[in-house]
Amino acid sequence: MNMIDPREPISTLKGVGPKKQTILNDFGIHTVEDFLYLFPREYQDRRNVTKIKDVSFGEHALVTARVLVKKTPNFYRKNSPLSLMVEDETGTMEVVFFNGRFLSNLFNQGMEYSFYGKVTENFGRPQMIHPEFSKSGGKDDIRAIIPVYPNIQGFSQKEIRRIQGELRESYPALEEWLPKKTMDEYRLADLIFSMSNLHFPTEGRNVLAAKYRMVFSEFLIMETGLMAMKRGEGGVKEAISFSCEWGDRFASNLSFDLTSGQRDAWERIKSDLEGSHRMNRLLQGDVGSGKTVVAEMAMLSCAKSGYQSVIMAPTEVLAKQHLETFGRDMAPYGIEPKLLISSMDTKEKRKTIEGLASGEHEMLVATHAVLQDNIKFKNLGLVITDEQHRFGVNQRKKLSDKGEGANVLVMTATPIPRTLAVILYGDMDTSQIRTMPEGRKPVQTIALGKEDRASAYNFARNQLREGRQIYVVAPLIEDSESIDALSATGLYNELKETFGGYKVALVHGAMKQDEKDEIMEAFSKGDIHVLVSTVVIEVGINVPNATVMIIENSERFGLAQLHQLRGRVGRGSHESYCYLLSDNDSEIALKRREIMCKTNDGFEIAEEDMALRGPGEIFGVRQHGAMQPMLSDMVKHIDVLEDAQNAAKDILDVDPRLEMPENQNLKDRVTKMFGEELDLLL
Ligand code: ADP
Ligand code: MG
């Protein structure tokens, strides 16, 4: 017998060609093992057979019956149906398969089969069209507890079950990776037991035990990784503290008043910075809530007290934008912020690096280029990470390590629900800005079906006539055969026509960084009127003149993403609009659209997002994509997460670097989820 190695790529499976491989990859399934972690989203108990006289029209039923008459399809006609008249001791029913040519010889007259499907009415008599079926007593008898897997395009339930069945062979190669002590303490089922009971259930309570183990262990990996990082970050260092009176002065010289949310956040930050302990604070605030000003107040205070400070942004465009803002705002105070990004020319870069090392440069705006080892500061007092969700936790740590005792402020526009915040950022103090600057009008959000698409673009044209600018976002870069969604490239070609006379440009993730930057800058200056893109514009860019955001195939974006995208407009004094276009009427898509139309509050959206999707994607760590549905189900039981957190704590207390033999398999998992950089810490 050739045993399947769980580490093999998914393409080694029979029936998984390039097309299906792409679909599975999109689902987070790359290896055979990932496929094993594709767990059922629910179970149907089909152990109860319904008698034919008791079936109800419109409902699903499992019927066991003998084939009485078989009407063989015409072999020379495509789509010729196969029709069976079946009977049990209470009555008869018709079973129809279209395109029955291939199924015909699976049925023998007089033999008994089970059929599962929706019962429909045919001239007052029961009928099943395309039911699932099996021979009675066969090895794949459908009279059982049947797992129902998440829907994956191109895969029938039957096919997923077939593959799971074949993969059973690989179970012996699965290695238990939970430490024995943890398993005992939390009474966790072992890996192989859990796998087989989830995919081949026999009893409800075993399924529950298996589910608990899987969810617990996934949380354990997550918590162990996060906690290891937090601990690596900690350590009692002499804190740098300084006066914040210049920050106050900065605020009073602004042309606007701080919002109450900004004032509160600043008061907290100020007391951290002036106090004796090292600031370690997360500042959450919706897109446009004005976090940058608060950062400026802190950085100015820092510079005026003789310390250096740095703000790190996730993209070069954002860094440049910050440099412009900071340059303008700091000039009256005699401070000149410097820039550090990878695309700078070497000479300039070297000069900046020297200035940082000598302490001559007091304020820096950077991308992750600043994380390189050769970049040193003389007396770093404050590090700020902007749009933290775009960085790994490890990068955040690397930045704060640049300065002994430097204060840390992390800013994010992706609000996370309170329960999760406690767990994710348990070591940090958190502040939220929940108010918007005055005069900011909420973005009007309109959900439209594809048939009303034209009205969105007509509206956009009117806005263009008034001198405004437009964003159009599509999920794909290029048209794809396997994915039914619009691409930015396709739309760009279409919209060049639609908006003849206006400058339309395309930007997407596969383009070179400097190309992207150039286009973003041109859009920012108003030289481009319509910007067609993939989600690359998601983060931070500020073009107040843009008033319309059209999102095509909006069902393909998560709530947080939609909210971020919408935040690109409504940044100026003009009324702004967001069109969510979609033909997808799945429950989750409808719910998302409803939430988006209902509220502009990022925190509310985050809560809803978690309820809909589970914490996985929100955590921003890599994990078995296939486990998402199960995790979202379990997040209602936040106590599992807490248990896992306690278990992680116990493990790390005894073995802080996961060096003990019994923790090696766990360590592998943690590194896989968090990436190699965690090696530095463990
Ligand atoms: P974000 O929190 O998304 O980073 P920004 O800091 O970029 O938001 O602020 C968005 C815009 O709002 C900027 O143009 C900024 O100057 C302006 N702004 C910030 N605070 C206020 C305020 N209190 N009143 C009016 N405008 C403000
Ligand atoms: Mg910002």
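Note that ligands are numbered from 1 as they come in the structure, with each ligand's atoms numbered from 1 the same way. Sequence positions, counted from 1, serve as the residue numbers for this chain.
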| Out of curiosity, is Ser289 lining ligand 1, as in a heavy atom under 4.0 Å away? | yes
| said: Under a 4.0 angstrom heavy-atom cut-off, which atoms of ligand 1 come close to Leu258? | reply: 23 (N)
| request: Please indicate whether any nitrogen or oxygen in Gly288 is less than 3.5 Å from any nitrogen or oxygen in ligand 1. | output: yes
| For Arg571, atoms of ligand 1 separated by under 4.0 Å from a heavy atom | 7 (O)
| request: Check the angle between the aromatic planes of Phe459 and Tyr577 and answer parallel, tilted or perpendicular using the 30° and 60° thresholds. | output: perpendicular
| query | Can you find an N/O atom of Pro437 closer than 3.5 Å to an N/O atom of ligand 1? | reply | no
| said: Hydrogens and angles aside, do Asn458 and Arg461 bring a side-chain donor and acceptor to less than 3.5 Å of each other? | reply: no
| said: Only heavy atoms of Thr259, strictly under 4.0 Å: list the atoms of ligand 1 that pass. | reply: 23 (N)
| query | Do we see a donor-acceptor contact under 3.5 Å between the side chains of Asn253 and Tyr333? | reply | yes
| Working for side chain to side chain contact (heavy atoms under 4.5 Å, CB included), residues Ser301 and Leu273 | CA-CA 9 Å; Ser301 308; Leu273 293 176; 5.6 Å; no
| query | Quick one: does Asp386 get a heavy atom under 4.0 Å from ligand 1? | reply | no
| said: Could you tell me, atom by atom, which parts of ligand 1 come under 4.0 Å of a heavy atom of Asp257? | reply: 22 (C), 23 (N), 24 (N)
| Charged N to carboxylate O below 4.0 Å: is that the case for Lys270 and Asp248? | yes
| query | Do you see a donor-acceptor pair shorter than 3.5 Å between the side chains of Arg281 and Ser431? | reply | yes
| task | Decide whether Asn553 and Glu555 meet the rule of one side-chain donor and one side-chain acceptor closer than 3.5 Å. | result | yes
| task | Answer yes or no for Gln262: is there a heavy-atom contact with ligand 1 below 4.0 Å? | result | yes
| task | For Thr292, take its heavy atoms, then give the atoms of ligand 1 lying under 4.0 Å from any of them. | result | 4 (O), 5 (P), 6 (O), 7 (O)
